[in-house]
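Report on the following structure.
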Number of protein chains: 2
Amino acid sequence: MRTLAKKKKPKVATAKPQRRSEQGADKRELILAAALDEFSQNGFASARLDDVAKRANVAKGTIYLYFKDKESLFQELLRTQISPVMGMLEAVLAGGKDAKPVPLRELAHRVADLFVEQVIATRRKDIVRLILTEGPRFPKLAEFYYREVISRGLGALRARAERAVKEGELKSDALVRFPQLIVAPALTAIMWKSMFDKFEPLDAKALMKAHIENLFDKEERQ
Amino acid sequence: MRTLAKKKKPKVATAKPQRRSEQGADKRELILAAALDEFSQNGFASARLDDVAKRANVAKGTIYLYFKDKESLFQELLRTQISPVMGMLEAVLAGGKDAKPVPLRELAHRVADLFVEQVIATRRKDIVRLILTEGPRFPKLAEFYYREVISRGLGALRARAERAVKEGELKSDALVRFPQLIVAPALTAIMWKSMFDKFEPLDAKALMKAHIENLFDKEERQ
DNA sequence: GACTTATGACTGACTAGTCAGTCATAAATT
DNA sequence: AATTTATGACTGACTAGTCAGTCATAAGTC
């Protein structure tokens, strides 16, 4: 028995694809990509690590050099893949914090565009779907997401909605009480695309646009 | 192999809790109820039929007297539990078909109430969640739902929205193009309740009310 | 710079455990 | 006693996780 095998995670700090097999895209990334495919196709329980390994062109044991077990691989996948989006989201929400205040309506369009382009149109939508579908069975994950993504995102939206009410951009406080209403159609779009798109394709961008116009248009129609 | 086991379904027509063990709620129903618990707690793949049997106070073999296999049990569960709701829904949507036309706004409130009371507040919300989460892995099921529930429901909503536009109740055709927008928050509420309710409880009824007011309120504000 | 030794990333056959589905037998019913 | 309904021990397919061994490369030695 290898006495040190416990906390392995080699190269965690370097991030360089070093030595042996120079084309060597980092194995870790290969495995994560393969895992996304398998998990989003089969769900956590039915996904086989043998298949992940095969897809990543790696032996099964290699997975265990980089991840403690199946669940760690899964959770790490879901955690790491969202942070870039959160970064962008925060940038968008912050934009206009200082100088001229961007109207909430404009902000909503930007957030929607970001979401459509960076999530719904990419494989990240599968990440979101996995969180929605497997979340209830992984309390740690649900808590992480609530803390890091949901409460932050909705908190920011709520703050902007509050300001919009004060400044007269919004007449109703519905969005302050339920900022979820701003993003609800985005979730619906994700679920739709993964189940019903083959029967009736959905234009997510148009959907979000129509939704936001619904929320704001009438405000301005005197 | 029992040659008849294929299309078994004993007593399928009677629907009476008959004979033996007079407290005897029909075994079939017992099994379905237990299955809902296990499946919604663990998902299809991780749910164990041993546990379903235990919960239903029945031997494992008994399950196979009533259902062909695990997947049949699952699919039948999801199919049968929604039809009563569809019945109610159709009643609501038909109400006002003949005499005085109920405004779409009023209709939306009724649909929302129905959904909140009959689905979100009950164990049926778990049925919907299972459909959303497992649907992609059961194409037959997804197709069934699209055909029997989604396209019908959205079709009805779309027709009413069209009329509302013609009659001036709605200024925008957004709801005609995307009737999904009417129900999106309901799905969000279901997902929220199963993942985040313990961190931040959501008042689904108030959410739906705020949403519908958002959609219609401003139309009428001169 | 050739030759030897050391390293550790990588492999995949193997183990131990799980669970859907079966079936010989028993109980209940008619 | 014949038939229907129920039981639960059992089987076999499947898979997460392990670990002894391999080998490409790096480091040390002359």
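So you know, we letter chains A, B, ... as the sequences are listed, proteins then strands, and number each from 1.
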[X] [atom1] to [N] [atom2]: how many Å, rounded?
X       : N      : atom1 : atom2 : answer
A:Asp51 : D:dA16 : CG    : P     : 9 Å
A:Leu49 : D:dC14 : CG    : C1'   : 13 Å
B:Leu73 : C:dC19 : CG    : C1'   : 15 Å
A:Lys54 : D:dT15 : NZ    : P     : 10 Å
A:Leu65 : C:dG8  : CG    : P     : 13 Å
B:Lys68 : C:dA20 : NZ    : P     : 15 Å
B:Glu38 : C:dA20 : CD    : P     : 11 Å
A:Phe67 : D:dT18 : CZ    : P     : 15 Å

Identify which nucleotide among [options] has an atom closest to any side-chain atom of [X], counting heavy atoms from C-beta outward.
X       : options                : answer
B:Tyr64 : C:dG21, C:dC10, D:dA16 : C:dG21
B:Ala59 : D:dG8, C:dG12, D:dG17  : D:dG8
B:Lys70 : C:dT11, C:dG21, D:dG17 : C:dG21

Original post:
With a distance cut-off below 6.0 Å to the six-membered ring centre and an angular limit of 45° from the axis, does A:Arg79 pair with A:Phe144 as a cation-pi contact?
Top reply: yes

**OP:** State whether B:Tyr66 places a side-chain N or O below 4.0 Å from either non-bridging phosphate oxygen (OP1 or OP2) of D:dA6.
**Re:** yes

Original post:
Below 4.0 angstrom from OP1 or OP2 of C:dC10, is there any side-chain N or O of A:Lys27?
Top reply: yes

Subject >> Passing candidate, salt bridge (Lys or Arg N to Asp or Glu O under 4.0 Å) with B:Glu76, options B:Arg28, B:Lys70, B:Lys68 >> reply: B:Arg28

**OP:** Remember a base hit wins even if backbone is also touched, and classify B:Ala47 as base, sugar-phosphate or nothing at under 4.0 Å, heavy atoms.
**Re:** sugar-phosphate

Original post:
What is the nucleic acid contact for A:Lys60, judged by heavy atoms within less than 4.0 Å: base, sugar-phosphate only, or nothing?
Top reply: base

Subject >> Polar side-chain atom of A:Arg129 near backbone of A:Ile190 as donor-acceptor pair, under 3.5 Å >> reply: no

Subject >> B:Leu78 backbone acceptor or donor facing B:Tyr145 side chain under 3.5 Å >> reply: yes

Subject >> Salt-bridge criterion met for B:Lys205 and B:Glu117 (N-O under 4.0 Å) >> reply: yes

**OP:** Could you check A:Glu71 against B:Asp50 and say which one's nearest nucleotide on DNA chain D is further toward the 5' end?
**Re:** B:Asp50

